[in-house]
Amino acid sequence: MNDKDNSRIHNQDKLIQEKYEYYAETEEPPGEAKGIRLEKIRNLRARGIEIYGSRYEKNINISDIREKYCNLTQGEPAGQDYRVAGRVMIFRKHGKATFCDLKDSTGKIQLYVSLKNIGDKPYEEFSGLDIGDWIGVEGGVFVTRTGELSINVNSFELLSKAIRVLPEKWHGLKDKELRYRQRYLDFTVNPDVMEVFRTRIKAINALREFLNGRGFLEVETPMLQPIPGGAAARPFITHHNALDLELYLRIAPELYLKRLIIGGFEKVYELNRSFRNEGISHKHNPEFTMVEFYQAFCDYRDMMDLTEELIKFIASKTAGTMELSYRGKKICLDGRWKRYTMLGAIEKFGNIKIDFETGMEDLLGISGNLGIQVNRDSGKGKIINEIFESVVEPLLIQPTFIMDYPIEISPLAKKHPENENLTERFELFIGGEEIANAFSELIDPAEQLKRFRFQVKSSDEEERITGKIDTDFLKAMEYGMPPTGGEGIGIDRLVMILTDSNSIRDVILFPLLRPEE
RNA sequence: GGGCCGUUAGCUCAGUAGGUAGAGCACCGGACUUUUAAUCCGGGUGUCGAAGGUUCGAUCCCUUCACGGCUCACCA
């Protein structure tokens with residue numbers, strides 16, 4: 001051993017010494033297992049073994065091995081060596097031979113490591129590995145006596161050492177809080193979780209593929225907005241120092257996308273993260289993903305057709321089928337989806353015949369009987385919507401469009417030509433959940449101003465704090481906005497349905513949690 | 001924000017009519033060259049979420065708090 005090696009080991013020793021102190025002093029007291037592993041690291045380093053390695057030239061994925069050798073039989077040599085890399089998940093030690101499972105991003109495969117094959121010293125080193133360590137191995141593929149496709153390891157390399165212990169192999173990590181807080185562990189030990197997010201990624205790719213294929217342009221508009229608009233929600237407030245400016249995280253990209261339509265873009269979309277400073281539930285995360293798309297010269301009926309095609313396309317690219325299972329219920333996306341007006345749906349599903357001619361006292365009586373808390377100052381439209389949500393919404397398991405929403409809850413939608421109390425707006429429901437919201441956009445700036453004013457007037461104290469009217473948007477509209485169909489789809493909710501997830505947190509990689517302590 | 005439930009070993013969970021705890025996996029020591037949650041022998045590694053209170057004595061009973069889950073409300 002030369003001086004250079006000596007000083008390297010000395011430096012490593014010093015480093016691990018510091019590390020040991022770091023864990024001892026700044027973290028929770030190291031449990032025995034971690035203490036033992038730290039001790040182990042010290043020993044490995046004293047022997048000149050680097051425990052945090054660098055690159056490893058792997059030449060195949062585990063899933064590719066499985067695919068390539070699915071027909072390999074016992075005793076038949078595969079005849080070629082491969083280099084794979086991954087994380088050690090479990091050991092089955094048998095004295096002078098060891099089986100273990102190696103996991104990479106594509107799958108798991110069994111390793112067979114025998115003293116006879118790799119030699120005394122490497123075998124001893126391999127025996128010192130822990131569950132959770134990352135290693136690279138080189139060896140040939142074969143099938144064991146029990147029929148398990150395996151790699152007969154000729155040599156291995158430690159790529160990175162785990163000094164914390166992975167959760168249990170059999171039950172995995174169940175504690176939801178730990179799963180969300182330490183998502184990396186969730187992925188490591190609960191393989192289904194990665195599938196959920198692979199589906200999410202596929203759905204988003206399919207969405208882009210579909211919209212790009214239809215000539216929509218993907219754009220990016222401000223997330224920091226001086227006036228948050230496009231939805232009714234409380235925003236997050238932030239501040240720009242240099243401009244000394246109060247800014248808000250967007251609650252929707254709507255008003256900026258419409259500016260683009262005014263500017264001459266004909267079809268645009270934004271796959272956006274929006275932020276709403278409101279309650280957290282199994283359906284709500286403070287930041288969430290949606291797509292908004294706008295198409296000039298269209299109305300809400302065109303958007304309905306487009307939506308139906310879009311969702312079917314996404315389902316075919318993710319689930320690969322039109323039959324979904326969600327919360328124990330079968331959902332069938334095939335065929336033409338049902339379309340009802342809101343008032344028609346209330347009559348059909350609730351056997352309640354109401355409209356805007358119905359007297360206020362009657363409406364209050366009906367909502368009262370349904371146990372709905374209604375503010376007496378609310379307009380008829382709001383009460384009708386409450387009745388709809390209570391009576392109809394939970395029943396809309398199969399994909400269903402509900403059309404013609406009351407004007408007072410639809411400030412950005414065009415007035416219905418046949419009923420001034422309604423708008424050309426629809427929502428799509430699947431599995432009892434609202435998935436999409438769309439309308440023929442209101443393009444008359446004078447009417448828009450009137451609606452904004454009504455919103456501000458009828459909003460409560462809290463909403464009024466940020467209930468400023470976006471006059472810059474109105475100005476844009478005054479230059480002339482073409483008739484446009486616009487829509488928003490909640491991506492998280494859609495993915496929940498595609499993956500049969502009960503909570504939005506199960507489809508968001510890092511859902512917001514209160515920090516520990 | 002309201003209601004209900006939970007928090008015990010690294011993980012999954014038992015438990016104590018109040019006498020400071022236990023099982024599987026993981027871990028440590030030993031045996032074992034084709035296992036599949038390998039097996040066999042030996043070893044509990046813990047501030048029982050936190051702080052008060054009651055008590056001779058609290059992980060257990062009471063109060064408050066923290067965090068989480070489910071649910072209702074608001075919203076998408």
Side-chain angles (χ1 to χ4, degrees), chain A residues 28-37 39-40 74-75 89-101 108-118 123 130-132 142-150 152 162-182 185-186 188-190 230-234 251-252 272 274-292 371-373 386 389 409 427-429 433-437 460 462-463 488-494 496 502-505 511 513-517:
Chain A
E28 73 268 31
E32 195 200 15
K34 199 162 72 180
I36 287 163
R37 289 199 182 184
E39 201 57 47
K40 212 178 228 177
Q74 200 219 318
M89 297 306 290
I90 191 169
F91 284 105
R92 291 179 289 279
K93 295 184 179 179
H94 293 260
K96 296 188 178 67
T98 294
F99 293 95
C100 76
D101 291 346
K108 262 198 238 181
I109 194 161
Q110 173 170 272
L111 305 181
Y112 175 69
V113 183
S114 70
L115 183 141
K116 192 175 152 199
N117 199 35
I118 66 167
Y123 190 79
D130 292 298
I131 289 174
F142 76 111
V143 173
T144 64
R145 201 154 65 192
T146 49
E148 180 79 23
L149 190 69
S150 307
N152 188 10
I163 57 172
R164 286 184 187 259
V165 183
L166 284 185
E168 207 218 352
K169 61 184 176 185
W170 188 242
H171 298 93
L173 188 65
K174 281 189 170 173
D175 186 304
K176 288 204 173 176
E177 184 178 355
L178 286 180
R179 288 181 47 206
Y180 299 141
R181 283 195 197 282
Q182 295 181 274
L185 291 181
D186 199 16
T188 301
V189 303
N190 299 331
R234 300 180 65 191
I251 54 175
N272 68 94
S274 287
F275 307 83
R276 298 188 183 176
N277 202 345
E278 290 174 357
I280 294 174
S281 79
H282 68 108
K283 283 197 274 184
H284 301 86
N285 195 59
E287 51 181 306
F288 64 104
T289 303
M290 64 166 160
V291 62
E292 280 197 10
I372 301 167
Q373 300 274 334
E386 296 278 344
E389 287 182 358
I409 58 164
E427 290 194 356
L428 169 67
F429 294 86
E433 308 280 356
E434 181 196 330
I435 296 299
N437 178 21
D460 63 28
E462 279 177 340
E463 284 168 351
I489 296 178
I491 297 298
D492 310 290
R493 299 242 177 117
L494 180 61
M496 282 170 69
N502 271 317
S503 168
I504 196 167
R505 292 182 158 186
L513 296 176
R514 203 182 288 272
E516 285 179 291
E517 292 164 356

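Computed over heavy atoms, backbone and side chain alike; hydrogens, waters and symmetry mates excluded. Sequence lines set the chain letters: A, B, ... in the order given, protein chains first and strands last, and positions in each chain run from 1.
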Return the polar atom pairs (N/O with N/O) between nucleotides 11-15 of chain B and the protein under 3.5 Å, or none.
| unit_1 | atom_1 | unit_2 | atom_2 | d |
| --- | --- | --- | --- | --- |
| B/C11 | O2' | A/E168 | N | 3.4 |
| B/C11 | O2' | A/G172 | O | 2.9 |
| B/U12 | OP1 | A/K174 | N | 3.1 |
| B/U12 | OP1 | A/D175 | N | 2.9 |

(request) Could I get the full list of side chain to side chain contact (heavy atoms under 4.5 Å, CB included) partners for A/N117, not counting sequence neighbours? (result) A/S114, A/N152, A/N154
With no angle test and no hydrogens, is the base of [N] tied to the side chain of [X] by a donor-acceptor pair under 3.5 Å?
X: A/R145; N: B/U34; value: no
X: A/Q110; N: B/U35; value: yes
X: A/T144; N: B/U35; value: yes

(message) When both hydrogen-bonding distances must be under 3.5 Å and the geometry is Watson-Crick or G-U wobble, what is B/U59 paired with, if anything?
(response) none
(request) Both distances under 3.5 Å, Watson-Crick or G-U wobble: report the partner of B/G1, or none. (result) B/C72
(request) Ignoring backbone atoms, establish whether A/R92 has a side-chain N or O less than 4.0 Å from OP1 or OP2 of B/A38. (result) yes
(message) Please determine whether a side-chain nitrogen or oxygen atom of A/K93 lies at a distance below 4.0 Å from atom OP1 or OP2 of B/U33.
(response) no
(message) Suppose we screen for ring pair (Phe, Tyr, Trp, His ring centres under 6.0 Å). Which residues come up paired with A/F142, at least two apart in sequence or across chains?
(response) A/Y112
Please state how far atom [atom1] in [X] lies from atom [atom2] in [N], giving the value in whole angstrom units.
X: A/D101; N: B/U34; atom1: CG; atom2: P; answer: 17 Å
X: A/I90; N: B/G24; atom1: CD1; atom2: C1'; answer: 13 Å
X: A/K169; N: B/G10; atom1: NZ; atom2: C1'; answer: 14 Å
X: A/E177; N: B/C5; atom1: CD; atom2: C1'; answer: 15 Å
X: A/H282; N: B/A76; atom1: NE2; atom2: P; answer: 15 Å
X: A/F99; N: B/U33; atom1: CZ; atom2: C1'; answer: 8 Å

(request) Using the closest heavy atom to pick a nucleotide of RNA chain B for each, name whichever of A/Y180 or A/F275 lands nearer the 5' end. (result) A/Y180
(request) Take A/E287 and A/L513, find for each the nucleotide of RNA chain B with the closest heavy atom, and name the residue whose nucleotide sits nearer the 5' end. (result) A/L513
(message) Treating A/E168 as the side-chain partner and A/H171 as the backbone partner, does any N or O pair qualify as donor plus acceptor under 3.5 Å?
(response) yes
(request) Supply the atom-to-atom distance A/M89 CE to A/K169 NZ, rounded to the nearest 0.5 angstrom. (result) 11.5 Å
